[in-house]
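First up is the structure itself, then whatever we jot down about it.
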Amino acid sequence: LTLEDFDVVVLGAGAAGMMCAIEAGKRGRSVLIVDHAKAPGEKIRISGGGRCNFTNNTARRPTSCRPIPKFCVSALRRYRPKDFIALVERYGIAFHEKTLGQLFCDGSAKQIIDMLLTEMDKAGASSCGWRPSSRTWPRPRPAFEVSCRRPGGCASLVVATGGKSIPKMGATGLGYEIAQQFGLGSSRPVRRWCP
Ligand SMILES: Cc1cc2nc3c(=O)[nH]c(=O)nc-3n(C[C@H](O)[C@H](O)[C@H](O)COP(=O)(O)OP(=O)(O)OC[C@H]3O[C@@H](n4cnc5c(N)ncnc54)[C@H](O)[C@@H]3O)c2cc1C
């Protein structure tokens with residue numbers, strides 16, 4: 001197994017990385033997720049007090065979203081809360097609504113992790129427990145090189161290593177370091193939802 005065997009390499013097996021792997025796999029890409037945590041989706045496991053507040057029934061179409069407004073608005077408009085609810089329903093995961101439209105599993109957040117892992121399998125995405133370093137840099141476009149246990153290049157790289165909260169679950173500042181290498185700032189996103 002080398003990075004070169006895959007069309008897309010995703011750094012980080014959290015909610016964002018797994019969803020990305022699923023969607024890329026559905027589009028016929030071979031995908032590898034690289035993560036150093038002992039299990040995927042560790043933050044999902046503790047989210048919502050262990051029941052995962054997986055979406056919100058009252059979220060409306062976004063009208064603006066920084067720092068990449070066009071991409072964010074278009075992505076959020078094309079994958080809506082109702083799409084995720086439909087997925088959860090297909091897996092027979094029971095859920096309930098709390099205040100302000102928050103949807104929680106009746107059972108455990110682990111059901112959401114298992115659902116995402118199954119969807120990854122179905123989409124043909126693989127994962128491995130490697131630790132990429134911050135030495136991730138652009139090669140002559142469009143390829144990227146990732147330094148990890150088996151360093152290599154890839155045509156598409158997704159950095160989904162999340163924020164820095166809860167380091168004991170695997171959180172690091174790798175995403176921020178990589179953003180800096182590409183001259184990107186890390187401004188707080190601003191969200192505005194229209195009714
Ligand atoms: C206590 C708590 C409760 C929460 N409850 C909810 C909730 O109910 N509903 C909700 O919507 N949100 C909730 N959140 C927020 C939610 O968990 C996060 O927004 C979401 O999980 C972030 O997903 P992510 O994929 O961006 O990042 P993460 O879940 O942080 O995933 C990043 C992944 O990257 C990996 N990684 C990081 N650095 C490296 C590295 N250097 N090398 C290899 N791998 C690396 C990590 O191991 C991790 O697996 C909660 C958060 C916390 C802390």
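Note that ligands are numbered from 1 as they come in the structure, with each ligand's atoms numbered from 1 the same way.
For the pairing with I112, the side-chain contact (heavy atoms from CB on, under 4.5 Å) check across L87, L117, I44 returns one residue only, I44.
In plain terms, the two heavy atoms of T58 and G101 that are nearest each other are CG2-CA, 4.1 Å.
With a 4.5 Å cut-off on side-chain heavy atoms, I85 and L103 count as touching.
Around atom 29 (O) of ligand 1, the closest heavy atom drawn from H36, R45, K43 belongs to K43. Considering each of L11, V10, D35, the one bringing a non-hydrogen atom nearest atom 46 (C) of ligand 1 is D35. Of the options A37, G48, S165, A39, the smallest heavy-atom separation from atom 7 (C) of ligand 1 is shown by G48.
Sparse packing is recorded around NZ of K110, with 12 or fewer heavy atoms of other residues, nucleotides or ligands lying under 6.0 Å away. Residue E97 qualifies as enclosed at atom CD: its count of foreign heavy atoms under 6.0 Å is above 12.
Between G12 and ligand 1, no pair of N/O atoms sits closer than 3.5 Å. Distances between N or O atoms of F54 and those of ligand 1 include no value under 3.5 Å. The N/O atoms of A15, backbone and side chain alike, include one that comes under 3.5 Å of an N/O atom in ligand 1.
Numbered from 1 in the order shown, with element, the atoms of ligand 1 that lie under 4.0 Å from a heavy atom of G170 read 36 (N), 37 (C), 38 (N), 46 (C), 47 (O). For ligand 1, the atoms lying closer than 4.0 Å to a non-hydrogen atom of I166 are 53 (C). Atoms of ligand 1 found under 4.0 Å from any heavy atom of I46, numbered from 1 in the order shown, are 1 (C).
The OG atom of S108 lies 8.5 Å from the CZ atom of R51; values are rounded to the nearest 0.5 Å. Note that the CZ atom of F95 and the CG atom of N57 stand 7.5 Å from one another [nearest 0.5 Å].
Here I44 has no heavy atoms under 4.0 Å from ligand 1, in either its backbone or its side chain. Of all the heavy atoms of L174, the ones lying under 4.0 Å from any atom of ligand 1 belong exclusively to the side chain. Neither the backbone nor the side chain of P40 has a heavy atom within less than 4.0 Å of ligand 1.
Judged by distance alone, the side chain of R45 and the main-chain N or O of G41 form no donor-acceptor pair under 3.5 Å.
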